[in-house]
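FYI, side chains are in, hydrogens and waters are out, and symmetry mates aren't considered; it's all heavy atoms of this structure.
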Amino acid sequence: MIKGIFPTDKFRNIQTPFYYYNMALLQDTLNVIKAEIDKYGYHQHYAVKANANPRILSLIARNGMGADCVSGGEIQAALDAGFPASKVVFAGVGKADWEINLGLDNDIACFNVESLAELEVINALAEAKNKIATVALRVNPNVDAHTHAKITTGLQENKFGINLGLLHGVIDEMLKMSNIRFSGLHFHIGSQITDLSAFRSLCIRANELQDQLEACDLEIDNLNFGGGLGIDYYHPNHLSIPEFENYFAVFRKLVKQREGQQVHFELGRSVVGQCGSLISKVLYVKKGEEKQFAILDAGFTDLIRPAMYDAYHHPENITSDEPYETYDIVGPICESSDVFCKDIEVNKVRRNDLIAFRSAGAYGEIMASQYNCRTLPKSYFSNEL
């Protein structure tokens, strides 16, 4: 157990499970990001899909970042939280007409477009409103992100982006559209990327593409490299802020940025991942013939990543100083996949102990469900307890 991180005495009076956010850590993380992007004049649009809690969004907006949205609901959440429409970008392979119209009505900064079919729809909807839609073309660069297959997005087999072999044909058609303004290129190769060589490969591919397009007299005003920087799920107490300096330095060193060209990023997980934890109570300790189970009141309805991605979230028994024992830590959901950890060592577990699953600030609360008719957990913040 790591002492001092959680206000355990106050937690005893809160209905579990719940999400807990360390707002001081979030602010520290935002300060580091701002310092790094300011070095190079880069732009950061927070990926709202990582966590759309209104308090989280509001703090990020107050720190001057833009918003990267992948649905109409996220656009509205960003606007409600104080993000200026001029800093909102809208990505996603399946934008509905009402979502596109929402973006047009609010004059958002850019649509990151993923197909010729989408371009045609945006052009028609913009024409009906007598507006010009600013777009960036999302290119599928066929770069392996060396991450989990379910969160890889930059290979030709993935549904995202325009394949390189089709790009010139799409551009030719786009240039005929009277209600489209081309602003640049967009990339996003995957999530939870810890091998920076993937970003190096992306930079090289982007440089090659720029050279090709400029040879065809197409000016690239903006380069958007998406996000994807991973966090350390195994050592959240020691590596609580990702290595943003190294991440941005890769792009600074390798991207052939043209004069006046703007470079954008859409980090999400690395912004909010480490500031959040899921707090759960032990219902039972069940002793089997070969192992023992710590059965919690939280399940994959509250943190689905272990069940969906075989992901690890570091568990801590925050109410025990007893010696370590080995458990399978599981939830109450009527599914065999409702398992957080197998054969994991934590301080000896007893009924009513509190277990914290760390690094749950990203893709925790936002992916929660009410399967089994369960109630969605509430959220609490360090600056309010």
Side-chain angles (χ1 to χ4, degrees), residues 1-26 50-59 77 81 233 236-237 272-286 292-308 311-322 327-335 337-341 344 346-385:
M1 180 178 68
I2 305 297
K3 295 182 181 295
I5 292 178
F6 299 105
T8 308
D9 292 342
K10 295 178 181 179
F11 284 179
R12 288 294 193 186
N13 300 317
I14 300 175
Q15 177 67 48
T16 53
F18 62 89
Y19 304 104
Y20 174 73
Y21 295 106
N22 184 334
M23 299 301 277
L25 176 57
L26 176 56
N51 189 318
N53 183 289
R55 290 286 303 274
I56 300 291
L57 291 182
S58 179
L59 179 59
Y233 283 96
N237 297 312
V272 296
Q274 298 289 34
C275 77
S277 297
L278 172 66
I279 311 298
S280 179
K281 183 178 291 185
V282 178
L283 298 176
Y284 307 102
V285 177
K286 177 181 176 180
Q292 57 183 347
F293 300 88
I295 302 174
L296 311 184
D297 62 0
F300 71 45
T301 51
D302 315 306
L303 184 60
I304 200 171
R305 296 188 69 256
M308 181 176 286
Y312 177 80
H313 283 265
H314 185 62
E316 295 176 4
N317 186 342
I318 61 176
T319 48
S320 173
D321 283 319
E322 296 190 59
Y327 301 86
D328 281 12
I329 303 179
V330 303
I333 308 301
C334 194
E335 298 282 348
S337 59
D338 188 31
V339 177
F340 290 106
C341 308
I344 191 78
V346 296
N347 297 95
K348 182 179 176 65
V349 171
R350 300 182 186 276
R351 174 172 163 81
N352 292 328
D353 276 349
L354 295 178
I355 305 296
F357 291 102
R358 304 297 302 281
S359 313
Y363 308 109
E365 179 179 357
I366 193 65
M367 297 182 78
S369 77
Q370 292 184 280
Y371 181 53
N372 287 179
C373 294
R374 288 168 56 82
T375 302
L376 292 174
K378 294 183 178 179
S379 300
Y380 296 88
F381 305 87
S382 61
N383 54 0
E384 288 187 341
L385 291 179

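Annotation: the span from F6 atom CZ to T319 atom OG1 amounts to 11.5 Å, rounded to 0.5 Å. For the atom pair CG (L296) and CG (L303), the distance works out to 11.0 Å, reported to the nearest 0.5 Å. To the nearest 0.5 angstrom, C341 atom SG is 9.0 Å from D328 atom CG. Atom CZ of residue F293 and atom OH of residue Y327 lie 13.0 Å apart, to the nearest 0.5 angstrom. For the atom pair L354 CG and S277 OG, the distance stands at 12.0 Å (nearest 0.5 Å). Separating the CE atom in M367 from the CG atom in N51 is a distance of 12.0 Å, to the nearest 0.5 Å.
Put simply, the residue from F340, Y363, F357, F300 that forms a side chain to side chain contact (heavy atoms under 4.5 Å, CB included) with R305 is Y363. When the options L25, L26, N53 are evaluated for a side chain to side chain contact (heavy atoms under 4.5 Å, CB included) with V272, the one that passes is L26. The side-chain hydrogen bond (donor to acceptor under 3.5 Å, both in side chains) with T301 is formed by just one residue from the set E335, Q370, R374; it is R374. Exactly one of T16, D302, D297 qualifies for a side-chain hydrogen bond (donor to acceptor under 3.5 Å, both in side chains) with S280. That residue is D297.
Annotation for Y371: atom OH counts as buried by contact number, over 12 foreign heavy atoms lying within 6.0 Å.
The backbone N or O of E322 sits less than 3.5 Å from a side-chain atom of N347, completing a donor-acceptor pair. With R358 contributing its side chain and H314 its backbone, the two residues share no donor-acceptor pair below 3.5 Å.
A cation-pi contact, defined as under 6.0 Å to the ring centre and within 45° of the axis, is absent between R55 and Y21.
A salt bridge does not link K348 with D353: none of the charged nitrogens is closer than 4.0 Å to a carboxylate oxygen.
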Take S379 and E365, measure what side-chain contact (heavy atoms from CB on, under 4.5 Å) needs, and give me the verdict at the end. CA-CA 8 Å; S379 300; E365 179 179 357; 3.0 Å; yes

Any chance you could lay out the ring pair (Phe, Tyr, Trp, His ring centres under 6.0 Å) test for H313 and Y233, step after step, and finish with the verdict? CA-CA 6 Å; H313 283 265; Y233 283 96; 5.1 Å; yes

Would V346 and I329 satisfy side-chain contact (heavy atoms from CB on, under 4.5 Å), going step by step from the backbone distance to the final call? CA-CA 10 Å; V346 296; I329 303 179; 4.2 Å; yes

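The two residues S382 and A24 make their nearest non-hydrogen contact at OG-N, 4.0 Å. G331 and I295 make their closest contact through O-CG2, 4.5 Å (heavy atoms, listed as atom of the first residue, atom of the second, distance). Closest non-hydrogen pair, D338 versus P332, comes out as OD2-N, 3.1 Å. Considering every non-hydrogen atom in both S369 and L376, the closest pair reads O-CD2, 3.6 Å. Taking all atoms of both residues into account, the shortest heavy-atom contact from K281 to N352 is CD-OD1, 3.5 Å. Considering every non-hydrogen atom in both P7 and L385, the closest pair reads CG-CD1, 4.2 Å.
Evaluation of the ring pair (Phe, Tyr, Trp, His ring centres under 6.0 Å) rule for F18 yields F11, Y380 as partners, not counting sequence neighbours. Residues forming a side-chain hydrogen bond (donor to acceptor under 3.5 Å, both in side chains) with Q292 (at least two apart in sequence, or on another chain): K287, E325.
No hydrogens or angles considered: a donor-acceptor pair under 3.5 Å links the side chains of N237 and E316.
Side chains of M23 and L59 form a contact here, defined as non-hydrogen atoms less than 4.5 Å apart. P315 is listed as a side-chain neighbour of I344, based on a closest heavy-atom distance under 4.5 Å.
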